[in-house]
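Written below as structure tokens is the structure these notes are about.
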Amino acid sequence: MPVPLHSSIIRVMHEASITESILSLALDKAQEAGAKKVRRVNLVLGELSGVVGECLQMYFEVLAQKTIAEDAVLSFEMKPTTLKCRKCAKVFLPPDHNWACPDCHDANVEIIAGRECYMESIEVD
Ligand SMILES: [Zn+2]
């Protein structure tokens, strides 16, 4: 008998665990800085990271309750997919679903940006 796979649940867990890591790192850094309040958390998200910014914000609001980060805003810097041709070394931003090199049309490319998901800095009081 078929067993449905709830891929959306896996997704949700993925984002929730990323949010937990972001929050715990932000709280550590705020404590090191002797901060009373975390105002903003600046994150870098690659287009290919598969992470949805709105989900992170939603989980953050729940997880950060009763911590010094409870009013913090998450700010996202989106990084576009950037590819490099292995044949001619051309670096380019691919149009949708067309990852071939615009110069030599070779499809042997390397992803050099777009998979990022990290915290760049925090702003505290
Ligand atoms: Zn090329």
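Numbering starts at 1 and runs along the sequence shown. Atoms within a ligand are numbered from 1 in the order they appear, just like the ligands themselves.
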message: Between E70 and K37, is the side-chain contact (heavy atoms from CB on, under 4.5 Å) condition met? List the steps.
response: CA-CA 8 Å; E70 70 179 342; K37 208 85 181 132; 4.2 Å; yes
task: Can you list, by chain and residue number, the protein N, O or S atoms under 2.8 Å from the Zn ion (ligand 1)?
output: C85 SG, C88 SG, C101 SG, C104 SG
statement: Applying salt bridge (Lys or Arg N to Asp or Glu O under 4.0 Å) to D125 and not counting sequence neighbours gives R39
Tabulate below the donor-acceptor pairs under 3.5 Å that side-chain atoms of residues 101-110 make, not counting sequence neighbours, or state none.
from : atom 1 : to   : atom 2 : distance (Å)
D106 : OD1    : N108 : N      : 2.9
N108 : OD1    : R86  : NH1    : 3.0

Contact check, side chains of E77 and N42, non-hydrogen atoms, under 4.5 Å: no
message: For residues Y59 and F76: do they belong to one hydrophobic cluster (side chain heavy atoms under 4.5 Å, members Ile, Leu, Val, Met, Phe, Trp, Tyr)?
response: yes
Name each donor-acceptor pair under 3.5 Å that joins a side chain in residues 18-27 to protein atoms two or more places apart or in another chain, with its distance.
from : atom 1 : to  : atom 2 : distance (Å)
T19  : OG1    : E15 : O      : 2.6
S21  : OG     : S17 : O      : 2.9

